[in-house]
Q: 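Would you mind keeping the following structure in view while I ask a few things?
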Amino acid sequence: MESLRQGLKDAGVPESQVFFEMFTKASKPAVEHSTIDPQPEHDGAEHDGEVVFARSNKTVNWQASDNILEFAEANGLNPPYSCRQGICGTCQCKLLEGDVEYVETPTATIEDGSALICISKPKTSRLVLDL
């Protein structure tokens, strides 16, 4: 969206004539440190383990990444996505084996046996996705 806005500006379109909408999650309100629940223990998948992209016939050792979607892209895959915030559900992927943990609370409805890869990381040391 930013590149489109810049292109319009470069073409001489006045900013007052450019309209757009952004659909994002509402920002989280500030919370005092004493009220924050501790994060659950992680089983080590953050730094080791493997992710199997079954349809792509690709197995890759998990290396710390913000989420599975970015990890897949860094390893040559092009999964579907849209919002990258767990809102739209476009990145929903079947879990064939293993489990994920969410780095943010999903807003989209998630089918049983599936995960939103844009806001999740492997929770188990082996994760097999239908990608």
Side-chain angles (χ1 to χ4, degrees):
M1 188 176 326
E2 287 301 317
S3 65
L4 289 172
R5 291 178 66 198
Q6 185 62 46
L8 291 169
K9 182 178 179 180
D10 293 347
V13 176
E15 192 171 327
S16 63
Q17 296 296 312
V18 177
F19 302 93
F20 63 95
E21 283 185 293
M22 293 180 67
F23 298 95
T24 63
K25 285 185 180 179
S27 60
K28 295 179 184 177
V31 179
E32 290 184 26
H33 182 66
S34 61
T35 62
I36 298 174
D37 291 331
Q39 292 294 317
E41 288 291 319
H42 197 281
D43 74 352
E46 178 72 12
H47 301 291
D48 59 14
E50 66 181 7
V51 178
V52 178
F53 300 107
R55 269 194 278 151
S56 302
N57 197 28
K58 189 173 225 177
T59 300
V60 186
N61 289 326
W62 172 258
Q63 297 183 1
S65 185
D66 287 343
N67 54 59
I68 297 167
L69 173 59
E70 290 180 6
F71 181 72
E73 291 173 329
N75 284 284
L77 279 77
N78 190 20
Y81 69 88
S82 185
C83 72
R84 291 185 179 259
Q85 297 180 350
I87 299 170
C88 70
T90 302
C91 70
Q92 187 165 194
C93 178
K94 288 280 185 196
L95 298 172
L96 303 177
E97 182 182 323
D99 203 4
V100 302
E101 63 184 358
Y102 288 96
V103 295
E104 294 181 35
T105 304
T107 304
T109 302
I110 306 167
E111 295 175 14
D112 287 341
S114 294
L116 300 180
I117 63 172
C118 72
I119 57 168
S120 62
K121 294 182 178 186
K123 184 175 183 179
T124 53
S125 60
R126 178 175 164 84
L127 181 64
V128 181
L129 300 168
D130 186 24
L131 271 178

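Position 1 is the first residue of the sequence, and the numbers go up from there. Values in this document were obtained by computation on a predicted structure and should not be read as measured data.
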Q: If I compare all heavy atoms of Cys118 with all of Gly86, which pair ends up nearest, and what's the gap?
A: SG-N, 3.3 Å

Q: Identify the two heavy atoms, one from Leu95 and one from Leu129, that lie closest to each other, and give their separation to 0.1 Å.
A: CD2-CD2, 3.4 Å

Q: As an exercise, state the distance from CD1 of Ile117 to CG of Leu69, rounded to the nearest 0.5 Å.
A: 5.0 Å

Q: Quick one: side-chain contact (heavy atoms from CB on, under 4.5 Å) partners of Arg126, sequence neighbours excluded?
A: Glu50, Val52, Glu97, Val128

Q: Of all heavy-atom pairs between Thr109 and Gln92, which one has the smallest distance, and what is that distance?
A: O-NE2, 3.8 Å

Q: Got a second to check how far Thr59's OG1 is from Phe53's CZ, nearest 0.5 Å?
A: 9.0 Å

Q: Might you point out which heavy atoms bring Glu73 and Tyr81 nearest each other, and give the distance in Å?
A: OE2-CE2, 3.4 Å

Q: Got a sec, which pairs hit side chain to side chain donor-acceptor pair (under 3.5 Å) with one end in residues 6-18, sequence neighbours left out?
A: Gln6-Asp10

Q: Quick one: side-chain contact (heavy atoms from CB on, under 4.5 Å) partners of Ser82, sequence neighbours excluded?
A: Cys88, Thr90

Q: For a 4.5 angstrom cut-off between non-hydrogen side-chain atoms, does Ile110 reach Leu116?
A: yes

Q: Drop me the distance from Asn75's CG to Glu70's CD, to the nearest 0.5 angstrom.
A: 12.0 Å

Q: Might you point out which heavy atoms bring Pro106 and Ile119 nearest each other, and give the distance in Å?
A: CA-CD1, 3.7 Å

Q: Atom CD1 in Ile68, atom OG in Ser120: separation rounded to 0.5 Å?
A: 3.5 Å

Q: Go through the steps for Asp66 and Val103 under the test side-chain contact (heavy atoms from CB on, under 4.5 Å), then give the verdict.
A: CA-CA 8 Å; Asp66 287 343; Val103 295; over 6 Å; no

Q: Measure across Pro79 and Leu131 and return the closest heavy-atom pair with its distance rounded to 0.1 Å.
A: CB-CD2, 3.9 Å

Q: Hey, what do you get for CZ (Arg55) to CG (Asp130), rounding to the nearest 0.5 Å?
A: 4.5 Å

Q: Measuring only between side-chain heavy atoms, which start at C-beta, is Lys121 closer than 4.5 Å to Trp62?
A: yes

Q: I need the Leu96 CG to Ser114 OG distance, nearest 0.5 Å.
A: 9.0 Å

